[in-house]
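Following: one structure in structure tokens, then a few remarks.
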There are 2 protein chains.
Amino acid sequence: MATRAGRPADEGVSEIPLPALFTQAKDVTLAELHRRLDEEGFEGIRYSHGAVFRFIDAEGSRLTALAARSGLSKQALGEVVTELERHGYVERTTDPDDHRAKTIRLTERGMQAQVAAARILGDIERRWAQHLGPDRIADMRMVLEEVVRSEKS
Amino acid sequence: MATRAGRPADEGVSEIPLPALFTQAKDVTLAELHRRLDEEGFEGIRYSHGAVFRFIDAEGSRLTALAARSGLSKQALGEVVTELERHGYVERTTDPDDHRAKTIRLTERGMQAQVAAARILGDIERRWAQHLGPDRIADMRMVLEEVVRSEKS
DNA sequence: GATAGATAGTACGGTTCCCTTACTACCTGC
DNA sequence: GCAGGTAGTAAGGGAACCGTACTATCTATC
């Protein structure tokens, strides 16, 4: 393969740019998560569904709350909820105290999917830890969390 | 804030799911990269332009080669090249030896942008290293690269 | 207790970014 | 010199989001 432009020769071995590296790590993780969820019978789950699974309260949440927590617009989150509803992961019921609002609640199946997703992500992280060392994975987490926290402000 | 469903209480402090963590790290990095490129006069650059800047050869590359290296379709990469051409970062010239093919080459400005992007990403990584420790950042890189490598196969 | 303004959710249309299918132009091997 | 392969483009579509605008409902104030 020919030489690439703009690459000072002394720049180290691989040097995948950080954004590409993070994207690939995400893609790899998500591919396994979705594949295994599917294998366990939890079909049709995609990335942005996490906005519901991550942020929903045990007693149910309102659409507006989930949108705010996840950073998605109300409309986008509404779409996500409709999709999850079609797959039987959540249900929408009108709030008896406020007829404008609807409470979004996980169904039994939704809770099982949530638990399964957490377990699978835990599995993945544990496998990485076995392969590369638990402290290194824990430290990677801490570094990333710190980076995100400090840069967001 | 109310309790969240499906979260065993013993599960540690933050526990952002890995895909969300990687996505946020990518977004934070990319936001700074694009902001600073823009400040330096390199406007209109977005994520997928990296497919060209990362993989183009010093002597120019063919569209098909860039598509294959980046994993994008030829059409998507053609769009990206057209956009970069409009902004003056690359030029397309017909290959004299093969009139089907066109050679895509960085312009002077394109090379400057490429160098600037590498410098800015280096800055970011260096700042993280100062803040969190150089070995930790280097190790994060190695961990991520290893994870991506091993999971892709 | 009427009404102005805020809030919950939905509808509609648009953008971005990628894909697949289908095509044209050109090249190469038999 | 033609069959089949390859480079690139065109056209259309879908996923995943956004903003604007709307309806229904609630709440605070007079």
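So that the names make sense, note that chain A is the first sequence line, chain B the second, and so on, each numbered from 1.
- Listed by first and then second residue, the salt bridge (charged side-chain N to carboxylate O under 4.0 Å, His left out) pairs involving residues 79-90 of chain A are R46(A)-E83(A), E85(A)-R92(A) (not counting sequence neighbours).
- Qualifying salt bridge (Lys or Arg N to Asp or Glu O under 4.0 Å) partners for D98(A), counting only residues two or more places apart in sequence or in other chains: R62(A), R100(A).
- One can place NZ of K74(B) at 14 Å from C1' of dC19(C), the figure rounded to the nearest angstrom.
- Taking E40(A) as the reference, R119(A) meet the salt bridge (Lys or Arg N to Asp or Glu O under 4.0 Å) condition, with sequence neighbours excluded.
- Nearest to the side-chain atoms of L63(A) among the listed nucleotides dT10(C), dA8(C), dC19(C) stands dT10(C).
- Atoms CD1 and NE2, from I120(B) and H34(B) in turn, are 9.5 Å apart once rounded to the nearest 0.5 Å.
- Within the 4.0 Å cut-off from OP1 or OP2 of dT10(C), at least one side-chain nitrogen or oxygen of K102(A) is found.
- Of the possible polar contacts, none joining the S61(A) side chain to the L66(A) backbone as a donor-acceptor pair under 3.5 Å is found.
- A donor-acceptor pair under 3.5 Å is absent between the side-chain atoms of R69(A) and the main chain of I56(A), judged by distance alone.
- A salt bridge between D123(A) and R126(A) is present, with a side-chain N of the basic residue lying under 4.0 Å from a carboxylate O of the acidic one.
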Exercise. Could you run down nucleotides 23-30 of chain C 5' to 3' and tag each one B, S or - for protein heavy-atom contact under 4.0 Å?
Worked result: --BBS---
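- The stretch residues 26-42 of chain A has no heavy atom under 4.0 angstrom from DNA chain C at all.
- Along DNA chain D, the stretch of nucleotides lying under 4.0 Å from any heavy atom of chain B spans, 5' to 3', dG5(D) to dA10(D).
- The aromatic rings of F53(B) and Y89(B) sit perpendicular, their planes meeting at an angle over 60°, well past the 30° parallel limit.
- The closest donor-acceptor contact from the side chain of R136(A) to the backbone of W128(A) lies at 3.5 Å or more, if one exists at all.
- Applying the side chain to side chain donor-acceptor pair (under 3.5 Å) rule to T23(B) yields the partners Y47(A); only residues at least two apart in sequence or on another chain are considered.
- Listed in residue order, the members of residues 83-92 of chain A having a heavy atom less than 4.0 Å from DNA chain D come to none.
- Evaluation of the salt bridge (Lys or Arg N to Asp or Glu O under 4.0 Å) rule for E146(B) yields R149(B) as partners, not counting sequence neighbours.
- Comparing T103(B) and E79(A), the nucleotide of DNA chain D nearest to each residue sits closer to the 5' end for T103(B).
- The stretch residues 104-117 of chain B participates, sequence neighbours left out, in no salt bridge (charged side-chain N to carboxylate O under 4.0 Å, His left out) pair at all.
- Not a single salt bridge (Lys or Arg N to Asp or Glu O under 4.0 Å) links D27(A) to another residue, sequence neighbours left out.
- If Y47(B) and Q75(A) are placed on DNA chain C by their nearest nucleotide, the residue sitting closer to the 5' end is Q75(A).
- The two residues Q114(B) and L106(B) come nearest to each other via the heavy atoms OE1-CD1, 3.5 Å.
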Exercise. Would you write out the dot-bracket form of DNA chain C, 5' to 3', with Watson-Crick and G-U pairs under 3.5 Å, [ ] for crossing pairs, | for pairs to other strands and . for unpaired bases?
Worked result: ||||||||||||||||||||||||||||||
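- The side chain of S73(B) contributes no N or O atom lying less than 4.0 Å from OP1 or OP2 of dC18(C).
- Note that the CD1 atom of I16(A) and the CZ atom of R54(B) stand 6.5 Å from one another [nearest 0.5 Å].
- Counting heavy-atom neighbours within 6.0 Å of Q130(A) CD, excluding the residue itself, gives a total of 12 or less.
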